[in-house]
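These notes are about the structure you will find just below.
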Amino acid sequence: MISTEINAGINKTVWHQKLLQYTLVKFLLAVLIVGSVQFVSRKLMSQFLPGPDWVVFRNMAAMTLGLLSYTFYVRLIEKRRVTELATFSAWKEWLLGLVMGVMLFVLVLGSLSLLGMFHVDGYNEPKVMLKYLPIFVVVAVMEELFFRGMIFRMMEESLGSVVALLISALAFGFAHASNPGATLFSSIAIAVEAGIAFGAVFMLTRRLAFCFAMHFSWNFTQGAVFSVAVSGTDSKGWLQTHMTGPDWLTGGAFGAEASVLTVSLASLMGVVFLYLAWKKGQFKPAFWEKTKAV
């Protein structure tokens, strides 16, 4: 009787471990854990802390719980340290990410200005930018956690870097398809210029700090500084500006992210990051390539 119970326990453990070898199972567990915490926490906070006065607190709390629930999933299911969320040791990546995001849109909007399409009409009090700070922090952290930390990272383990990059980039692009002013081109543009660039950055560093920082400064520079629509959402930041010219060059109602100029420059940046990741040996093979090698 004792030996039967032990064998049953061993079989149960083996079955459980085998199930967790499947990438899709682990991904669904991650989505379930992080998504459930987000849903419940937002519902409770909306009920007990309603109104616009608490919106910043609600969003920051939800972001913190998102990071904690992701950490809980990794420690419980993947049984490892959450190295992708390194903070202090990744200070150079934070700094470089902030600089890259700013430089990209200064270059884009500066070029549009030279072409006579981007116009500065005046300015507001600099403090107006502060209201966008928590918004863009939360957006950057939660989107990068999901699209790079979960979709790309987990798909890459099974499908390899190239396929995972395509899947995560397309998912990221078309997640913006319902935004104001969105078109098929704007979704493809986001996938190509941002989805690939952010994915390549994660491949290069294997941490999310650079992604968080670049995503944040990318949005903050557009919206909080230059008052350009961010993924279709109007922003009234420090400078009072407007665009003139064809939508394919200015981005139209969706904003500069849908400009062919942004697509070109950001894609070039993405290619550079991909090359650096390749040189560093950070491309992972798909499971069928591993099988062939064996």
ask   = More than 12 non-hydrogen atoms from neighbouring residues, nucleotides or ligands closer than 6.0 Å to CZ on R206, yes or no?
value = yes
When the side chains of residues 249-262 are checked against the rest of the protein, which donor-acceptor pairs come out under 3.5 Å, sequence neighbours left out?
unit_1, atom_1, unit_2, atom_2, d
T250, OG1, P246, O, 3.2
T250, OG1, G252, N, 3.2
E257, OE1, S231, N, 3.0
E257, OE1, S231, OG, 2.6
E257, OE2, W218, NE1, 2.8
E257, OE2, Q222, NE2, 3.1
S259, OG, L249, O, 2.4
S259, OG, L261, N, 3.1
T262, OG1, A256, O, 2.6

inquiry  = Run F27 and I151 through side-chain contact (heavy atoms from CB on, under 4.5 Å) and show every step you take.
reply    = CA-CA 7 Å; F27 175 70; I151 294 182; 3.7 Å; yes
task = Decide side chain to side chain donor-acceptor pair (under 3.5 Å) for H119 and T244; before the verdict, give the C-alpha distance in whole Å, the side-chain angles of both, and the deciding distance to 0.1 Å.
result = CA-CA 8 Å; H119 311 275; T244 57; 2.7 Å; yes
key: M117, CE atom: more than 12 neighbouring heavy atoms under 6.0 Å   = yes
ask   = Does atom CH2 of W238 have more than 12 heavy-atom neighbours, drawn from other residues, nucleotides or ligands, at distances under 6.0 Å?
value = no
inquiry  = Within the structure provided, determine whether L109 and M243 are in side-chain contact (heavy-atom separation under 4.5 Å).
reply    = yes
task = Check each of F172, F202, F198 against F147 using the ring-ring contact (aromatic ring centres under 6.0 Å, His included) test, and report the only one that passes.
result = F172
query = Does Q38 offer a backbone N or O that forms a donor-acceptor pair with the side chain of S41 under 3.5 Å?
reply = yes
Partner set under ring-ring contact (aromatic ring centres under 6.0 Å, His included) for F220, not counting sequence neighbours = F216
task = Kindly determine whether K284 and E157 satisfy side-chain contact (heavy atoms from CB on, under 4.5 Å), including the steps that lead there.
result = CA-CA 7 Å; K284 294 185 178 182; E157 293 300 321; 2.7 Å; yes
inquiry  = Run R75 and V82 through side-chain contact (heavy atoms from CB on, under 4.5 Å) and show every step you take.
reply    = CA-CA 7 Å; R75 297 302 296 267; V82 196; 4.1 Å; yes
ask   = What do the steps show when you test K127 against E125 for salt bridge (Lys or Arg N to Asp or Glu O under 4.0 Å), and what is the final call?
value = CA-CA 5 Å; K127 65 181 180 182; E125 289 293 325; 5.9 Å; no
query = How are the rings of F57 and W54 set relative to one another: parallel (under 30°), tilted (30 to 60°) or perpendicular (over 60°)?
reply = perpendicular
